[in-house]
Amino acid sequence: MMPSRKAASSLPLIDLEEFYAVLLGHYGDPMWWPADTPFEMCAGAILTQNTSWKNVERAIAGLKKLNLMTASAIARTAPDVLEQVIKSSGSYRQKARRLRLFAQFVLESYGGRVEQMRGVHVDTLRRELLSIHGIGPETADSILLYACDKPVFVADAYSRRIFGRLGVAPGDTGYGALKSMVEGRLRADAPMYNRLHALLVEFGKQLCRQEPLCSRCFVSSRCRYGLNSLNVKKRVSEDEDE
DNA sequence: GTCCAGGGCCTAC
DNA sequence: GTAGGCCATGGA
């Protein structure tokens, strides 16, 4: 009988709490989402939809330079002007409209102050945000977490990919299902969710990319995908040696 | 030149 | 209800 070549990992797949601790230990406290005001965080959440942060930074700098980084300023700015200022963020006509609709919402419901949204129950506020055209689940949760300090999980593309590979949740888990699963397993702690999302993005950018760098990854021995990937490479190199 | 990035809306089936 | 197309820029 041939001995199995499958590398026997003595440890089980990593769980959520432990993965968070490992990420925190590896990357340190991320102190994420650079923004001077809660409104700027919300604007960034809208502008970054399907867009790299580099392109968003230019748009944010443009808005701040023209003193447009408030709900009242954006609401009274002509659409074509707003479009030109945020052009670098891509989909600029859609996003200009979304920014204006969000600004109008903040003005009408919260006197133009995002800070006042913090006093509202998370479920109520989430429903209100989702009713705004252009604010979907991920953007709403980013606003709830980063601008309103609510303990919610932002189940973005990075987290779906990472948790799918780790074996924490199937890769085709939908947004709501993944969000519920994570929130059901972790304590309701806003700063923790803030760090977790930031760490997932960092991990997703550096190692767990679309083409993952499993050979350099510090959790590959506790990851379903990583174990498969490394075993395949091991088998290939063994075959080459023969 | 092609692909992708801290999504969401709309249309067709 | 859901898969596919579209928005659109800038960097790799």
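Side chains are part of it too, since the values below use all heavy atoms of this structure and drop only hydrogens, waters and symmetry mates.
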Should A/Gln210 be listed as having a side-chain N or O under 4.0 Å from OP1 or OP2 of B/dA5?
yes
Where do A/Leu24 and A/Pro30 come nearest, in terms of heavy atoms and distance?
CD1-CD, 4.3 Å
Tell me what A/Glu138 touches on the nucleic acid: a base, only sugar-phosphate, or nothing, going by heavy atoms under 4.0 Å.
sugar-phosphate
Euclidean distance, atom CG of residue A/Asn55 to atom P of B/dG7 [Å, nearest integer]
13 Å
Interatomic distance where OH belongs to A/Tyr92 and C1' belongs to C/dC6 [whole Å]:
14 Å
Value in whole Å for how far the P atom of B/dG7 lies from CZ of A/Arg93
21 Å
Which of the following nucleotides, C/dG10, B/dG8, C/dA8, is nearest to the side chain of A/Thr51?
C/dA8
When rounded to whole Å, the CD to C1' distance for the pair A/Glu211 and B/dT2 reads 15 Å
Taking atom P in both B/dG8 and C/dG10, what distance in whole Å separates the two?
22 Å
Report the C-alpha distance between A/Leu145 and A/Lys150 in whole Å, list the side-chain angles of each, state the deciding distance to 0.1 Å, and finish with yes or no for side chain to side chain contact (heavy atoms under 4.5 Å, CB included).
CA-CA 5 Å; A/Leu145 175 59; A/Lys150 303 294 187 187; 6.0 Å; no
How many Å lie between CG on A/Leu47 and P on C/dA8, as a whole number?
13 Å
Please work out if A/Lys95 contacts a base, only the sugar-phosphate, or nothing of the nucleic acid, heavy-atom cut-off 4.0 Å.
nothing
Between A/Trp53 (CH2) and B/dG7 (P), how many Å, whole number?
11 Å
May I ask you to decide if the ring planes of A/Phe153 and A/Tyr193 are parallel, tilted or perpendicular, using 30° and 60° as cut-offs?
tilted
Please compare A/Asn50 and A/Arg58 by the position of their nearest nucleotide in DNA chain C and report the one closer to 5'.
A/Asn50
Which whole-number value in Å describes the distance from A/Leu101 CG to B/dG8 C1'?
13 Å
d(A/Arg185 CZ, A/Ser180 OG) to nearest 0.5 Å is 11.5 Å
Which part of the nucleic acid, if any, lies within reach of A/Ser89 when heavy atoms closer than 4.0 Å are counted: base, sugar-phosphate only, or nothing?
nothing
Does A/Glu138 offer a backbone N or O that forms a donor-acceptor pair with the side chain of A/Ser142 under 3.5 Å?
yes
Under 4.0 Å, counting only non-hydrogen atoms across every strand here, what does A/Lys87 touch: a base, just sugar-phosphate, or nothing?
sugar-phosphate
With the side chain defined as heavy atoms from C-beta on, A/His133 is closest, among B/dC9, B/dG7, C/dT9, to B/dC9
Within a 6.0 Å radius of atom CZ on A/Arg93, are there more than 12 heavy atoms belonging to other residues, nucleotides or ligands?
no
DNA chain B: 5'-proximal contact among A/Gly134 and A/Val201 (nearest heavy atom)
A/Val201
Contact nearer the 5' end of DNA chain C, comparing A/Ser52 with A/Gln94
A/Gln94
Taking only side-chain nitrogens and oxygens of A/Ser91, does any of them come within less than 4.0 Å of OP1 or OP2 of B/dG7?
no
Roughly how many Å is it from CZ in A/Arg97 to C1' in C/dA8, rounded to a whole number?
17 Å
Just to be sure I understand the rule, does A/Gly136 reach a base, reach only the sugar-phosphate, or reach nothing, if contact means heavy atoms closer than 4.0 Å?
sugar-phosphate
